[in-house]
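Here the structure is a predicted model, which means the values were calculated and not measured. All values below come from the heavy atoms of this structure, side chains included, with hydrogens, waters and symmetry mates left out. So you know, we letter chains A, B, ... as the sequences are listed, proteins then strands, and number each from 1.
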2 protein chains.
Amino acid sequence: MPDATQPTADVAHSAAAPGEGRPRRRYTIGELAKVFEVTPRTIRFYEQEGLLQPERRGQTRIYHEKDRVRLKLTLRGKRLGFSLAEIREVIQLYDNAPDGDERQLRLMLDILADKRAAMQQQLEDIRILQNELDDVEARCQESLAALTRQRNKD
Amino acid sequence: MPDATQPTADVAHSAAAPGEGRPRRRYTIGELAKVFEVTPRTIRFYEQEGLLQPERRGQTRIYHEKDRVRLKLTLRGKRLGFSLAEIREVIQLYDNAPDGDERQLRLMLDILADKRAAMQQQLEDIRILQNELDDVEARCQESLAALTRQRNKD
DNA sequence: GATCAGCTTGACGTTTACGTAAAGTAGACC
DNA sequence: GGTCTACTTTACGTAAACGTCAAGCTGATC
């Protein structure tokens, strides 16, 4: 099932560098994993698939806000049934502002239209499924009410 | 990507039995496959997974309206990122009107609430993703407009 | 009656998205 | 300096959802 749980995803832990204006939060892989309720393995895998590009301090990875946002986007995409490859596409859309080429821009707009159509279809699908759930629930409630009436007859 | 294409799924082919009121449509596996744009293999697999129970005429499968509806439901579920196991659950919810047991009924209502929560989360996810797409599109349009202005300066 | 399209059942292969275990490293603490 | 804990890479394993043969049956048509 597309998991309905969504993390608040804001932890206060690493310190701001002294004399620095913005907090400039940094995360270890374990912290991010805990926050989003995934395993470190998953996060490394996403990196391997080109969805994340954390900084390296020697051998260990250091994640910044950008990475956190990307991970969040990734998990959201997964809840919507996107494959990692598709999510990567979206991410590349997102931070490739193709300023130069007009052909590129038009292509991008086309792709966006496609994604938008997919979203639209999803909305429709959800609407229908919700109706079906309503249906089942109504029948359940009815059965339950019938049972209760039955019992009160005594 | 959750496929945005959705088949109209109404073909006129098999005949109604003579003297019968309703059309009583029947489908071969190939017909269903074509209508929904999946392979026969997929449909057999869904049967193996307990999502479909077509009639058998000797060795060959015969699909009725009920099967068509189930297949449609299944594909809709897939577009929403449900696993086949979860879809089977929903289907069982759908045609198990548990008239008898109160405990069963209450459990069913709980499960329904869960599914409903998942749907709700999906709606939220879609809303957010649509906003992000809007964002990217706006940037694209802006770049494009800038290019056009540039060109018109000549 | 041969051929052909479309159905059937195995059975093994493939992709995706990780899980899991092994073996090593690096910093913090006693 | 030993011990933890949390990180690292490498590598093999696995579940889900089919794809892809292979080999055979079956009804229609030439």
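Between E132(B) and R70(A), no side-chain nitrogen of the basic residue sits less than 4.0 Å from a carboxylate oxygen of the acidic one, so the salt-bridge criterion is not met.
In this structure, Y63(A) and T28(A) have side chains that are not in contact, with every pair of non-hydrogen atoms separated by 4.5 Å or more.
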Protein-proximity profile, nucleotides 5-22 of chain D, B/S/- by nucleotide at the 4.0 Å heavy-atom cutoff, equals --SBB-------BBBB--
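Side chain of D67(A) to main chain of H64(A): a donor-acceptor pair is present (N/O by atom type, distance under 3.5 Å, no hydrogens or angles).
V38(B) and I62(B) fall into different hydrophobic clusters, where Ile, Leu, Val, Met, Phe, Trp and Tyr residues are linked whenever their side-chain heavy atoms come under 4.5 Å apart, directly or through other members.
Using modelled atom types and a 3.5 Å distance limit, the side chains of E65(B) and Y27(B) yield a donor-acceptor pair.
Following rounding to the nearest Å, R57(B) (CZ) and dG6(C) (C1') show an atom-to-atom distance of 17 Å.
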